[in-house]
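Heads up: the structure comes next, in structure tokens.
As the structure lists them, so they are numbered: ligands from 1, and atoms in each ligand from 1. If you're wondering where the values come from, they're calculated on a predicted model, not measured in any experiment.
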Amino acid sequence: MYEIYALKYGERDTKTCQFFYRDEEHAPLTLHYFVWLILGGPQPVLVDTGFLEDDAEKRGIRNYVRPSAVVERVAGVKAAGIKMALISHLHYDHWAGHSLFPNAEYWVQKDEVAFWTGPYAGRSAFSGSANVEQLARVVPLNYGGKLKIVEGDREVLPGITVHRVGGHTAGLQIVSVKTNSGTVVLTSDASHFYRNVETGQPTQIITSLPEMLAGFDRIHELAGKEKLIVAGHDPLVADRFKVVEPGIVKIA
Ligand SMILES: [Zn+2]
């Protein structure tokens, strides 16, 4: 059966008014940056790839380590041995580190690729979330047969399914994994914090607000009564699941 890890590779401090939709509080808020690893199947499956040193410096990230280094702290896993990487969306913090996993096939939604090569990607409301150089790599990777473009929901291995929810980005996908303790839902940025999915509070970066709200419902449906929900950037992940060592949280 599957084992799932949340692997932290950086942190950033901001304020709630900078993050939550129409929030008027100026309370401090810390984001944790994760990639996720699913073991126990025919091959390890990585969810998202993080970013490199350039984004860490440019965006004021604290305690940055290369996502590949955190992945390799999990016993028996080598970054070069990752053949399957499910990409929740193409924002810099989920995609810009893809070259750290050079042998992966990257699974991404069609709507996501279309958006970032489409008419609004370059507008300032969206472009700040992109690492343009790394985004451009989508084209040669696609021509090289390394990009797996999917549409909607798709079971990628038995018990591991991607679900397109959109909302935060045009083709955001979340991942559900069937485990012995219930269905784990890796929400990525469909719910950056537990506050999002648990109170229906949107975030500020949005391509479709209705889709974001529907995404919260979808997360609850998929998770079922066990509520094994793993929020995308929430330090509380370490409180709700088991910390194996600093930065490594075992979800199931
Ligand atoms: Zn993110």
TODO: Take Met212 and Leu172 through the side-chain contact (heavy atoms from CB on, under 4.5 Å) test and state the conclusion after the steps.
DONE: CA-CA 10 Å; Met212 181 172 280; Leu172 178 71; over 6 Å; no
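- Counting only N and O atoms by type, the side chains of Asp189 and His94 include a donor and acceptor under 3.5 Å apart.
- A ring-centre distance under 6.0 Å is not found for Phe126 and Tyr120.
- In this model, no donor atom of one side chain and acceptor atom of the other lie less than 3.5 Å apart for Asp48 and His89.
- Near the Zn ion (ligand 1), less than 2.8 Å away, sit the protein N, O or S atoms Asp93 OD2, His94 NE2, Asp189 OD2, His233 NE2.
- Aromatic rings of Phe19 and Phe193 (six-membered ring for Trp) have centroids within the 6.0 Å cut-off, being under it.
- Under the rule for a salt bridge (Lys or Arg N to Asp or Glu O under 4.0 Å), Arg12 has no partner lying at least two apart in sequence or in another chain.
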